[in-house]
Amino acid sequence: MASASIGASGNALAIPMTNGHSPLSERIQIINDQKQFTSELTSQIERWDLRDAGFNYNIVAVFGSQSTGKSTLLNRLFGTTFDVMDETKRQQTTKGIWMCRGKDMNIMVMDVEGTDGRERGEDQDFERKSALFSLASSEVLIINLWEHQVGLYQGANMGLLKTVFEVNLGLFGGKKAQDGTNGRTLLLFVIRDHIGTTPLANLQATLTADLQRIWDSLSKPDELKDRQLTDYFDLGFTALPHKILATEQFELETRNLRGRFVDKTKSDYLFKPTYHKRIPADGVAFYMENIWEQVQSNKDLDLPTQQELLAQFRCDEISAVALTEFNEQAKPQKRPIEAGKVVEGLGAMMRSWRTVALERYDRDASRYHQGVYKRKRADLIVSLDATLSPLFLGQLKNLHKACLGAFKKDVLEGMKGEEYNFADVVSKAKVKCDNRFTTGAKESVVDDSEEGKTEWNWEEELELLREEVQSVADQCRKDETKKMVNNIERNFKKQISEPIELALNKGSPNMWDEVLKAFRQTLDKAESTYLIKATSFNCTEEENTYSLAALRRRAWQALRNKIDEQTADSVFVGRLRAHFEERFRYDEQGVPRVWKPEDDIDGVYRKAKEQTLELIPLYSKIAPLDSSVAYVLPPDAISSSDSGSSLEEAFDFESSLVVFSETKALDLAAKFRKDADLAYVEAKRSTVSSVAQ
Ligand code: GDP
Ligand code: MG
């Protein structure tokens, strides 16, 4: 297999480089020799198509002296494209960390270059930092070394391992990560150019003993002094034959080793779940950058805190994306709501936007630190509801208006035609209105999971609506009652007319008794008609008192009008004349008189006149013979006033009993006398003419 040697060996370059085929095979220098972290890792992970991998990915890093075939090994194992030293040029490889995506595998591979500073007498700063960085993120750390380096306790690798152990104690020493993983890491020793004379088991024993010695020599903090190497690390050992001297063997063994990285079903599968650092793929870039920053500024690296920071950052980002999408969906509904429309199915829409937003958030954010995830989720809900709540309230307001309008229409509709029961019409319309509002309001509720949450309360608005409906109903009832009272009044007038005319025509001494009895009877009937209807209207006590008072007052007025009509000057004088003539011109048998000279014209005339004049005081005042028949208008009827005019307020019942005044009486008498005198003279003349004949 040809090792991919492409592009410049790019030390300062932090841009992804491609072999010209697929972004999947691009590599990136995540930390350059200036110890700067790339700003491109996020987009590179996206280009590698790993962004949405969640936890379904692995990270492996390689450590070891320079030119020990690390890059060659990685390229063989993972199909990566790391630079391999060109034999013909033998150029010095620089410091830095490169990353590739494994070919056809969700593996991020880190090639840590230049970790052998010790050998070349350089400062061990980079070695320490890259160890920290790798341990914080990788599941498997490959320690690459020549066979002849094994047992060289003072050698470079051992120094490196001491550093690894030390920084690991700092990273994972006491604390457990929030998800219970303890940051266990596999150290996989790959022994290169294994000749075979010393079996792997022996090399392994030597290395293990060396590691143990290094571990024991570490100065550990008191609370960790009993911790064992195996509390933090699993150790793995494998050997590879010489690449050039035993090419076939080499290829075979690397293929085997590759299988252990790739095939999950293998019993010696290397990426055990407990090694995973539980950083969601979409957070790896941010996490690594932060780790590097901490490392760079020589701050204590506290992984739980880093995970929390990462969670805060990512949860905010994820939340913002969800919120933007959500607002996009909600926006078009704002206008119709503001314009007063009841948006059909608004609740279903709002619930769906909200659910989608939360699902989006949950999908990506739930992989992060649970405390942070939950806190940011609550924040997101607050933001979502801050958009939904005005829509909900607007919808309620519009619903309220629509329901009230429909109620008015229903009542008017129900009152069309002759036969309707007002109370029925109103109560049916009320039920309909209530149902309509309640159904609409319930539909618009977004989240009723929390009992009594004020955000989605619609009961208050319903109360307001009910109050307004009631006041509309009251107004309708008042109008309706007025109409009814008018009707009753009209009927009353019709009914009272004939008995009054009859009684007043007769002019008998108990004339007023008859009038008042008829009045009383008709009024009683009118009142009970009112009360029957008013009950079905659900009129209040107060309204009844008021209406009855008005009815009595108007009945009395009607009576008085009828009396006035019947006692108008001309009518009354006519009636007197008729009364007189009946007695003067006709005899007791009702036969017209033909006056003879011997007839006592004067006597008959005087008697008829006197009898007629007696009628005047009888008519002048409403005064029944039987005082128990007398009608007295109740005080509330006297003060009642439909029109509110001050004229009516000055109504004086006592004076309304007077039909005409004494002056008027004298005037009427005088008028009558003229008529009577005329009749007398006529009678006298008729006798004279009959004698003359
Ligand atoms: P790195 O610096 O550790 O990444 O090493 P390279 O992968 O760049 O390889 C350095 C040199 O070692 C190159 O010339 C390779 O051809 C050579 N090389 C790679 N693998 C082996 C091996 O297994 N044995 C030997 N002897 N040489 C190797
Ligand atoms: Mg290399």
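Residues take their numbers from the sequence shown, with the count starting at 1.
Here D513 does not pair with K517 in a salt bridge; the nearest charged N to carboxylate O distance is not below 4.0 Å. We find that E359 and R363 are not joined by a salt bridge, their nearest charged nitrogen and carboxylate oxygen being 4.0 Å or further apart. Using a cutoff of 4.0 Å between basic side-chain nitrogens and carboxylate oxygens, R585 and E682 are scored as salt-bridged. A salt bridge links K483 with E480: the distance from a Lys NZ or Arg NE/NH1/NH2 to an Asp or Glu carboxylate oxygen falls below 4.0 Å. The pair D569-K671 meets the salt-bridge criterion, with a side-chain N (NZ, NE, NH1 or NH2) lying under 4.0 Å from an Asp/Glu carboxylate O. Checked for salt-bridge contact, K609 and E614 miss the test: no charged N lies under 4.0 Å from a carboxylate O.
No side-chain donor from either of D675 and Y680 sits under 3.5 Å from a side-chain acceptor of the other. A donor atom on one side chain and an acceptor atom on the other are not found under 3.5 Å apart for N561 and E565. No side-chain N or O of E541 forms a donor-acceptor pair with one of Y546 less than 3.5 Å apart. In the model, Q470 has a side-chain atom that pairs as donor or acceptor with a side-chain atom of D474 under 3.5 Å. A side-chain N or O of E461 and one of H400 form a donor-acceptor pair less than 3.5 Å apart.
Considering only residues two or more places apart in sequence or on other chains, D362 meets the salt bridge (charged side-chain N to carboxylate O under 4.0 Å, His left out) condition with R377. The salt bridge (charged side-chain N to carboxylate O under 4.0 Å, His left out) test applied to D410 returns K432, not counting sequence neighbours. Residues satisfying the salt bridge (charged side-chain N to carboxylate O under 4.0 Å, His left out) criterion with R575, sequence neighbours excluded, are absent altogether. Not counting sequence neighbours, the partners of Y631 by the ring-ring contact (aromatic ring centres under 6.0 Å, His included) test are F519, W556.
The distance from atom CD1 of I496 to atom NZ of K562, rounded to the nearest 0.5 Å, is 10.0 Å. In this structure, NZ in K533 is found 10.0 Å from CG in N421, a value given to the nearest 0.5 Å. One finds the CG atom of D602 at 11.0 Å from the CG atom of D599 (value rounded to the nearest 0.5 Å). The SG atom of C403 lies 4.5 Å from the CG atom of L399; values are rounded to the nearest 0.5 Å. In this structure, CZ on F326 lies 9.0 Å from OG on S383, to the nearest 0.5 angstrom.
The shortest heavy-atom contact between V485 and S547 is CG2-CB, 4.1 Å. Considering every non-hydrogen atom in both R351 and E443, the closest pair reads NH1-O, 2.8 Å. The two residues F392 and S444 come nearest to each other via the heavy atoms CD1-O, 3.2 Å. Between D385 and R354, the shortest heavy-atom contact is OD1-NE, 2.9 Å.
Here the options are L384, L388, V446, the test is side-chain contact (heavy atoms from CB on, under 4.5 Å), and the partner is W353; only L388 passes. The side-chain contact (heavy atoms from CB on, under 4.5 Å) with V515 is formed by just one residue from the set L559, I622, V629; it is L559.
The number of heavy atoms from other shown groups lying within 6.0 Å of CD (E662) does not exceed 12. For Y586, the OH atom counts as loosely surrounded, since its 6.0 Å shell holds 12 or fewer non-hydrogen atoms of other residues, nucleotides or ligands. Counting non-hydrogen atoms of other residues, nucleotides and ligands closer than 6.0 Å to CD of E344 gives a total of 12 or fewer. Environment of CD in E542: sparse, with no more than 12 heavy atoms of neighbouring residues, nucleotides or ligands closer than 6.0 Å. By the neighbour-count criterion of 12 heavy atoms within 6.0 Å, atom CD of E460 is sparsely surrounded, having that number or fewer from other residues, nucleotides or ligands.
Within the structure, side-chain hydrogen bond (donor to acceptor under 3.5 Å, both in side chains) contacts touching residues 330-341 (residues at least two apart or in different chains) do not occur. The list of side-chain hydrogen bond (donor to acceptor under 3.5 Å, both in side chains) pairs with a residue in residues 309-320, not counting sequence neighbours, reads D282-R314, R314-E317, R314-Y368, D316-K376.
Judged purely by atom type and a 3.5 angstrom limit, N398 uses its side chain to pair as donor or acceptor with the backbone of I337. For the pair D652 (side chain) and E654 (backbone), a donor-acceptor distance under 3.5 Å is present.
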Practice prompt. Quick one: do E489 and K493 satisfy salt bridge (charged side-chain N to carboxylate O under 4.0 Å, His left out)? Show the steps, please.
Written response: CA-CA 6 Å; E489 184 190 358; K493 280 181 183 162; 3.6 Å; yes
